[in-house]
Amino acid sequence: LRIDCAAVTLDELYDPMEAPLLLRADRDCTVHGAALWFDVNFYGKAALSTSPTAQQTHWYQTILMFEKPHELKAGQGLRGTLELEPGTSAGKKRQLNIAVSYDVVDAVVAGVGAAGAG
């Protein structure tokens, strides 16, 4: 999911957003959930990443635990949708409600939007 902070309006930020979810197991593994983080580039002058591999900041990753773990074989994966919706009350607009819907699929081709699992 990409947001151009130089062009987005405040009203657009409060609209629900969705992005495709595609995770591919690089090896046999058990998947218990997914981690989310963000990267921001401030016009090439500064950058902020909350990736687990980046330098630690006061911002953290978000962990989405699945209701049950999934046993995946190498090449299998999860394909679905990640939905983001701001809080509904005036005092909770900065709150972000996150929902994930997905299916386990037998073959996921690595490419744009694909991330390794396991």
Side-chain angles (χ1 to χ4, degrees):
L1 178 66
R2 291 188 181 271
I3 299 171
D4 182 347
C5 292
V8 69
T9 67
L10 185 58
D11 286 339
E12 289 172 328
L13 287 175
Y14 293 131
D15 288 340
M17 298 175 239
E18 68 176 46
L21 173 71
L22 181 60
L23 299 171
R24 180 180 51 85
D26 292 334
R27 61 181 184 264
D28 294 358
C29 63
T30 303
V31 179
H32 295 269
L36 305 178
W37 60 86
F38 64 88
D39 298 314
V40 181
N41 183 319
F42 298 98
Y43 308 105
K45 296 179 181 177
L48 169 66
S49 177
T50 61
S51 164
T53 60
Q55 183 176 352
Q56 187 175 2
T57 71
H58 69 283
W59 296 90
Y60 295 98
Q61 301 83 36
T62 296
I63 306 296
L64 304 176
M65 299 301 295
F66 299 143
E67 287 185 28
K68 63 179 183 122
H70 298 286
E71 300 291 334
L72 299 181
K73 300 289 184 190
Q76 287 184 312
L78 305 176
R79 182 186 312 266
T81 304
L82 180 69
E83 300 174 46
L84 309 171
E85 184 175 307
T88 54
S89 66
K92 295 189 176 181
K93 289 289 187 184
R94 289 178 49 178
Q95 176 180 320
L96 193 59
N97 300 310
I98 302 172
V100 176
S101 57
Y102 64 90
D103 292 308
V104 175
V105 293
D106 283 332
V108 175
V109 176
V112 176

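This is a predicted model, so every value here is computed, not measured.
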Query raised in the report: Any chance CD of Q56 has more than 12 other-residue heavy atoms, nucleotides or ligands included, within less than 6.0 Å?
Result: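 Open.
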Query raised in the report: If only atom types and distance count, is the side chain of D28 paired as donor or acceptor with the main-chain N or O of A74 below 3.5 Å?
Result: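 Such a contact is found between D28 side chain and A74 backbone.
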Query raised in the report: Under 3.5 Å, is there a donor-acceptor pair between the side chain of Q61 and the main chain of T50?
Result: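 Flag set: sc Q61 to bb T50 pair under 3.5 Å.
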To the closest 0.5 Å, what do you measure between [atom1] ([X]) and [atom2] ([Y])?
X   : Y    : atom1 : atom2 : value
L22 : L82  : CG    : CG    : 12.5 Å
R79 : S101 : CZ    : OG    : 13.0 Å
L23 : H70  : CG    : NE2   : 11.0 Å
D4  : E12  : CG    : CD    : 10.0 Å
L84 : L36  : CG    : CG    : 8.0 Å

Query raised in the report: Relative to each other, are the rings of Y102 and F66 parallel, tilted or perpendicular (30° and 60° limits)?
Result: tilted
Query - Side-chain heavy atoms of M65 within contact of H32, under 4.5 Å - result: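 Yes. Closest side-chain heavy atoms under 4.5 Å.
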Requested in this report: Taking the side chain as every heavy atom from C-beta outward, state whether M17 and D15 have any pair of such atoms under 4.5 Å apart.
Outcome: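 Result no, sub-4.5 Å side-chain heavy-atom pair not found.
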Which heavy atom of [X] sits nearest to which heavy atom of [Y], and what is that distance?
X   : Y    : answer
L48 : F42  : CB-CE1, 4.2 Å
N41 : G44  : OD1-N, 2.6 Å
V31 : C29  : CG2-SG, 3.9 Å
L78 : V105 : N-CG2, 4.5 Å
A25 : L72  : CB-CB, 4.0 Å

Query raised in the report: Looking just at side-chain N and O atoms, do T30 and E71 make a donor-acceptor pair shorter than 3.5 Å?
Result: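 Per modelled atom types, T30 and E71 side chains form a pair under 3.5 Å.
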Query - Between N97 and E85, a side-chain donor and acceptor under 3.5 Å - result: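 No, no side-chain donor-acceptor contact under 3.5 Å.
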Query raised in the report: Under a 4.0 Å N-O cut-off, is there an ion pair linking D26 with R24?
Result: yes
Query - Residue pair V100, L21: steps toward the side-chain contact (heavy atoms from CB on, under 4.5 Å) verdict - result: CA-CA 8 Å; V100 176; L21 173 71; 3.6 Å; yes
Report task. Decide if the gap between the ring center of F38 and the ring center of W59 is smaller than 6.0 angstrom. Result -> yes
